[in-house]
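Report on the following structure.
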Protein chains: 2
Amino acid sequence: MAANVGPGSGGAGTERISEAELAVMEALWLTSPQTAAEVCDAVCTQRGWSIPTVKTLLSRLVAKGALATKPDGRRFLYTPRIARHDYVGTESKRLVERLFGGRAAPLFAHLAESEALTADDISEIERLLQEMKK
Amino acid sequence: MAANVGPGSGGAGTERISEAELAVMEALWLTSPQTAAEVCDAVCTQRGWSIPTVKTLLSRLVAKGALATKPDGRRFLYTPRIARHDYVGTESKRLVERLFGGRAAPLFAHLAESEALTADDISEIERLLQEMKK
DNA sequence: ACCTTACGATTACGTTTGTAATCTGAACGG
DNA sequence: CCGTTCAGATTACAAACGTAATCGTAAGGT
């Protein structure tokens with residue numbers, strides 16, 4: 001029953017979420033709570049998965065403390081225990097840490113160079129910079 | 001030349017580099033070529049590794065096509081087959097793809113919010129933006 | 001009271017990763 | 001020549017991951 005968020009504990013979201021697990025999280029971040037079957041509806045065809053796969057991933061995510069469960073009759077409703085916002089922030093920072101020594105500017109330079117920046121991105125970033133200076 | 005870089009081939013750097021392997025690559029990006037022992041000098045104490053570990057990682061990186069070897073007497077000299085610049089670019093783009101739907105602006109917003117942006121980063125980014133507009 | 005069925009739980013199994021120990025063969029010291 | 005030593009190569013083995021089949025059980029229909 002959920003109470004336990006992980007062996008070493010440390011709060012929700014301490015443990016790493018794998019690529020496949022992320023797809024499940026995304027579905028639940030989009031709408032939650034959902035049953036396993038509903039999550040499967042959302043991801044199975046897209047990823048070529050079968051229901052057992054989704055159930056395994058759900059269980060692992062619960063074990064990792066990334067999802068909470070609430071019994072609903074005889075099945076479970078799954079809900080994220082960590083906000084997508086937080087997850088994404090942590091992962092972004094991890095990348096900047098790992099690859100750019102914690103400096104964001106070189107990352108930006110790379111994205112610029114590889115044309116991963118659309119015109120919209122650029123003006124949006126300018127806007128954010130303006131705002132930060134206030 | 002460059003002939004066979006791996007079973008499925010696809011050019012150097014096609015296969016994913018793991019976290020531990022990355023430490024080895026970093027050492028070789030810093031200075032190369034190096035022998036296994038030299039790489040160990042560079043990373044073993046830092047990561048708490050022993051020489052066999054480094055050798056395993058080197059072998060796996062060679063198998064993945066990320067490193068080239070040149071015999072030097074009875075040992076090997078290892079050299080990166082992919083530039084750090086390229087690796088970092090690919091990984092950055094992958095993150096933006098996976099977490100931000102390919103848009104860089106939200107990533108930037110996250111970094112800004114989490115104070116992962118130093119004053120230096122900000123002015124550097126402004127400079128880059130200026131340059132892009134030309 | 002059954003039988004089916006729809007759940008979660010348990011088990012499975014190959015691959016990748018982290019972290020090594022051991023084996024094998026060649027070079028070097030004597 | 002012969003043993004020690006130092007390479008790379010082979011083997012090891014547990015944890016995490018990707019992907020699932022099977023088991024057990026409780027709910028619902030009849």
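These numbers come from a predicted model, not from an experiment.
- Residue-to-nucleotide proximity on DNA chain D shows that, of A:Ala20 and B:Tyr78, the 5′-proximal contact is made by B:Tyr78.
- Rounded to a whole Å, the CD atom of A:Glu19 is 14 Å from the C1' atom of D:dA16.
- The span of DNA chain C lying next to chain B, judged by atoms under 4.0 Å from heavy atoms, is bounded 5' to 3' by C:dT17 to C:dA21.
- A:Leu111 is listed as a side-chain neighbour of B:Leu107, based on a closest heavy-atom distance under 4.5 Å.
- Using a 4.0 Å heavy-atom distance criterion, A:Ala36 is classed as a sugar-phosphate-only contact.
- With sequence neighbours excluded, the residues satisfying side chain to side chain contact (heavy atoms under 4.5 Å, CB included) with A:Ala42 are A:Ala27.
- Summarising the geometry, atom CE belonging to B:Met25 is positioned 12.5 Å from atom CG belonging to B:Leu30; distances are rounded to the nearest 0.5 Å.
- Nearest-nucleotide positions on DNA chain C place A:Leu77 closer to the 5' end than the other of A:Leu77 and A:Arg60.
- Two different hydrophobic clusters hold A:Val24 and A:Ile51 under the rule that ILVMFWY side chains link at heavy-atom gaps under 4.5 Å.
- For B:Glu21 and D:dA16, the CD to P distance is 18 Å, given to the nearest whole Å.
- Note on residues 62-82 of chain B: no pairs pass ring-ring contact (aromatic ring centres under 6.0 Å, His included), not counting sequence neighbours.
- Taking the side chain as every heavy atom from C-beta outward, A:Leu28 and A:Leu61 never approach each other to under 4.5 Å.
- Rounded to whole Å, atom C1' of D:dA20 lies 10 Å from atom CG of A:Leu57.
- Among residues two or more places apart in sequence or in another chain, the ring-ring contact (aromatic ring centres under 6.0 Å, His included) test is passed with B:Tyr87 by B:Trp29.
- Shown for residues 39-49 of chain B: residues whose heavy atoms fall under 4.0 angstrom of DNA chain C, namely B:Gly48, B:Trp49.
- Evaluation of the ring-ring contact (aromatic ring centres under 6.0 Å, His included) test over residues 97-116 of chain B, restricted to residues two or more places apart or in two chains, returns A:His85-B:His110, B:Phe100-B:His110.
- For the salt bridge (charged side-chain N to carboxylate O under 4.0 Å, His left out) condition, the pairs that include at least one residue of residues 86-95 of chain A, sequence neighbours left out, are A:Arg16-A:Glu91, A:Glu91-A:Arg94.
- If you check D:dG8, D:dA20, D:dG18 against the side chain of B:Lys55, the one that comes closest is D:dG8.
- In this structure the side chain of B:Lys70 never reaches within 4.5 angstrom of the side chain of B:Pro33, judged on heavy atoms.
- If you measure from atom CD1 of A:Ile51 to atom C1' of D:dG18, you get 17 Å, rounded to the nearest angstrom.
- Comparing the helix axis at one end of the helix from C:dA1-D:dT30 to C:dG30-D:dC1 with that at the other, each defined from 5 consecutive pairs, gives an inter-axis angle of 20° (nearest 10°).
- For D:dA7, the OP1/OP2 oxygens have no side-chain nitrogen or oxygen of B:Thr35 closer than 4.0 Å.
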Pairwise N/O distances under 3.5 Å, protein to nucleotides 21-30 of chain D:
none

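- One interatomic measurement links the two molecules: CG of A:Leu22 to P of D:dG18, which rounds to 10 Å at whole-angstrom precision.
- A search for side chain to side chain donor-acceptor pair (under 3.5 Å) contacts involving B:Glu126 returns A:Lys133, not counting sequence neighbours.
- Between B:Asp72 atom CG and B:Gln34 atom CD the span is 13.0 Å, to the nearest 0.5 Å.
- Residue contacts for B:Thr53: at a heavy-atom cut-off of 4.0 Å it reaches a base atom on one of the strands shown.
- Between A:Lys64 and D:dC17 there is a side-chain polar atom (N or O) within less than 4.0 angstrom of OP1 or OP2.
- Listed by chain and number, the residues in a ring-ring contact (aromatic ring centres under 6.0 Å, His included) with B:Trp49 amount to none (sequence neighbours excluded).
- Among residue pairs with one or both ends in residues 17-46 of chain A, those qualifying as salt bridge (charged side-chain N to carboxylate O under 4.0 Å, His left out) are A:Glu19-B:Arg98, A:Glu21-A:Lys64, A:Glu26-A:Arg84; sequence neighbours excluded.
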